[in-house]
Amino acid sequence: MKTLLYCCLLLMLSCDTAKAQEVPLTKGAALLFKDVTCMATNPEKNKVFELTGFEIADNGTQFYFKGDTDGAQFPFDAHVYPLDINTDGLEDIGLVFGNTYTSGGAGSTSLIYIKTQSGDYETNFGYPGSLVFIPTRHQGYPDTMIQGPGFEYALWTWNGKEYVFKSKITDKEASKFETIFLEDASNAYVDGLKH
């Protein structure tokens, strides 16, 4: 009987997944997630794109922020990095985007959409610089640094609901940590999906 119930549950879940994939991707989500290996459904990809606030640039291959200027576009690239930041089995979405117009001297901005148990995405970070994970953890989430131009970096920790600024650390202090960049963490996660 348990086996029958389990099989029925699996069938229901696969039907829900199939229905979610029947929802078409918006043009923006299709461009953002082009060539990205992840577990996100089409509705989830559409939601992530909506959260970005991006518009597709006239060149059709990049994005821009509408309303920032008087009709001028400053197109930028955006790269999606799926990962499971706290190993809870829910796929989070890292995003690196921008140019000097959007992100100043850092040249790019990093953020993470953390997926909640309810299926929503909570935006964390969104600051110019590179997002780097360090070995220390708080409540299951790795501490992070935002690295950019200069000799001090912002150190962030998880407070149970979101990442919060903890302190600034010097370049010398930061060099003592064994770090992993967002892209590398995502590559390891995606490799796990393929096996």
Asks: Is there a path from Met39 to Val190 through hydrophobic residues (I, L, V, M, F, W, Y) whose side chains come within less than 4.5 Å of each other?
Replies: yes

Asks: Nearest 0.5 Å please: distance from the OG1 atom of Thr157 over to the CD atom of Gln139.
Replies: 9.0 Å

Asks: For Phe125, run the ring pair (Phe, Tyr, Trp, His ring centres under 6.0 Å) check against Trp158, Phe133, Trp156 and tell me which one passes.
Replies: Trp156

Asks: Are Tyr64 and Phe54 near enough that their ring centres are under 6.0 Å apart?
Replies: no

Asks: Which heavy atom in Lys194 sits nearest to a heavy atom in Thr37, and how many Å separate them?
Replies: CE-OG1, 4.2 Å

Asks: Does Asp184 use its side chain to pair, donor to acceptor, with the backbone of Asn187 at less than 3.5 Å?
Replies: no

Asks: Enter the distance from Ile56:CD1 to Thr26:OG1 here, rounded to the nearest 0.5 Å.
Replies: 7.0 Å

Asks: In sequence, state the C-alpha distance, the side-chain angles, and the governing distance for Glu50 and Lys47, and then conclude on salt bridge (Lys or Arg N to Asp or Glu O under 4.0 Å).
Replies: CA-CA 5 Å; Glu50 183 182 316; Lys47 181 61 177 173; 3.7 Å; yes

Asks: Taking all atoms of both residues into account, what is the closest heavy-atom pair of Ile85 and Arg137, and its distance?
Replies: O-NH2, 3.4 Å

Asks: Is it the case that the ring center of Tyr101 lies less than 6.0 angstrom away from the ring center of Phe76?
Replies: no

Asks: Can you name the closest pair of heavy atoms from Val96 and Ser110 and give their distance?
Replies: CG2-OG, 3.8 Å

Asks: Over all heavy atoms of both residues, which pair between Ala154 and Phe165 is shortest? Give the atoms and the distance, please.
Replies: CB-CE1, 3.8 Å

Asks: Compare every heavy atom of Lys45 with every heavy atom of Ala40, then report the nearest pair and how far apart it is.
Replies: O-CE, 3.4 Å

Asks: Could you pull out the closest heavy-atom pair between Phe181 and Ser130, with the gap in Å?
Replies: CE2-CB, 4.1 Å

Asks: Could you walk me through whether Lys161 and Glu122 satisfy the salt bridge (Lys or Arg N to Asp or Glu O under 4.0 Å) test, starting with their C-alpha distance in whole Å, then the side-chain angles of each, then the deciding distance to 0.1 Å, before giving a yes or no?
Replies: CA-CA 9 Å; Lys161 294 183 179 181; Glu122 298 290 337; over 6 Å; no

Asks: Using a 3.5 Å distance criterion without hydrogens, assess whether the side chain of Asn42 forms a donor-acceptor pair with backbone atoms of Pro24.
Replies: no

Asks: Please report the interatomic distance CG(Asp92) to CD1(Ile114), rounded to the nearest 0.5 Å.
Replies: 5.5 Å

Asks: Quick check for you: to the nearest 0.5 Å, what is the distance between His79 atom NE2 and Leu32 atom CG?
Replies: 10.5 Å

Asks: If I take atom CZ from residue Phe97 and atom OG from residue Ser108, how far apart are they, to the nearest 0.5 angstrom?
Replies: 9.0 Å

Asks: Membership question, hydrophobic clusters at under 4.5 Å side-chain separation (ILVMFWY): are Leu31 and Val80 in the same one?
Replies: yes

Asks: Just verifying a value: how many Å separate Tyr121 OH and Glu91 CD, rounded to the nearest 0.5 Å?
Replies: 6.5 Å

Asks: Hydrophobic clusters here meaning ILVMFWY residues chained together by side-chain heavy-atom distances under 4.5 Å, can you tell me if Leu182 and Val132 are in one?
Replies: no

Asks: Check whether Leu83 and Ile146 end up in the same hydrophobic cluster, where Ile, Leu, Val, Met, Phe, Trp and Tyr are linked by side-chain heavy atoms less than 4.5 Å apart.
Replies: yes

